[in-house]
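Worth knowing before you read on, the calculation uses all heavy atoms, side chains too, and leaves out hydrogens, waters and symmetry mates.
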Amino acid sequence: MSMPTPSEPFWKATAEGRLLLPRCEPCTTVIWYPRPFCPHCGGRNITWFQASGEATIYSYTVVRKARGEYRDLTPYVVAYVELAEGPKILTNIIACDPSKIKIGHPVTLTFDPPTPEDDTVSARLYRFHQTNTN
């Protein structure tokens with residue numbers, strides 16, 4: 001019998017196309033990366049809630065040269081985004097013109113779609129795309 005990991009709720013939610021975040025109940029800090037204690041106050045009363053999926057670009061870089069299986073994906077954007085709930089997370093900005101990416105632009109959460117062979121998938125990749133601001 002395997003022991004559940006502290007981040008198990010997070011990974012199970014990604015398999016369902018949802019982003020869950022941990023929150024410390026005593027001090028209300030939203031925690032990133034998922035862990036069983038609060039890095040702010042040390043509390044262990046951690047609950048989970050669903051993130052809105054809204055964020056802004058905090059910092060980014062455009063990868064123009066890559067090796068191996070990433071070679072054909074260039075150029076691609078690697079970014080830190082600041083979630084509406086507070087934490088900054090590392091991700092990709094997809095389906096975009098890298099020359100149009102700007103710090104402060106709004107982005108929206110998306111998950112890679114499941115494929116037919118994903119019957120037993122335990123997690124899905126989360127990424128962000130630019131929010132249509134028209």
Given side chain to side chain contact (heavy atoms under 4.5 Å, CB included), test F128 with I93 step by step and report yes or no. CA-CA 5 Å; F128 287 77; I93 310 299; 4.0 Å; yes

Taking the side chain as everything from C-beta on, heavy atoms only, tell me whether [X] gets closer than 4.5 Å to [Y].
| X | Y | value |
| --- | --- | --- |
| V107 | I57 | yes |
| V62 | I101 | no |
| T131 | E54 | yes |

Under 3.5 Å, side-chain donor or acceptor atoms of residues 21-46 against the rest of the protein: list the pairs with distances, not counting sequence neighbours.
residue: E25; atom: OE2; partner: T47; partner atom: OG1; Å: 2.4
residue: R35; atom: NE; partner: Y33; partner atom: O; Å: 3.1
residue: R35; atom: NH2; partner: W32; partner atom: O; Å: 2.9

Nearest-0.5 Å distance, [atom1] of residue [X] to [atom2] of residue [Y]:
| X | Y | atom1 | atom2 | value |
| --- | --- | --- | --- | --- |
| I103 | Y60 | CD1 | OH | 6.0 Å |
| R18 | K12 | CZ | NZ | 11.0 Å |
| L19 | L83 | CG | CG | 6.5 Å |

Using 30° and 60° as the class boundaries, would you call the ring planes of F10 and Y126 parallel, tilted or perpendicular?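 Correct class here is perpendicular.
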
Can any side-chain N or O of [X] pair as donor or acceptor with the backbone N or O of [Y] at less than 3.5 Å?
| X | Y | result |
| --- | --- | --- |
| E85 | S52 | yes |
| D112 | R124 | no |
| T5 | E8 | yes |

Are F49 and L20 connected in a single hydrophobic cluster, I mean Ile/Leu/Val/Met/Phe/Trp/Tyr linked by side-chain heavy atoms less than 4.5 Å apart?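 In one cluster with L20: F49, yes.
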
Distance under 6.0 Å and angle within 45° of the ring axis: does K88 meet both against Y80?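 Judged by the rule, K88 and Y80 form no cation-pi pair.
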
Verdict with reasoning, V78 to N92, per side chain to side chain contact (heavy atoms under 4.5 Å, CB included): CA-CA 5 Å; V78 177; N92 292 107; 3.8 Å; yes

Working note: K65 + V63, criterion side chain to side chain contact (heavy atoms under 4.5 Å, CB included); need CA distance, chi angles, decisive distance, verdict. CA-CA 6 Å; K65 290 187 178 185; V63 178; over 6 Å; no

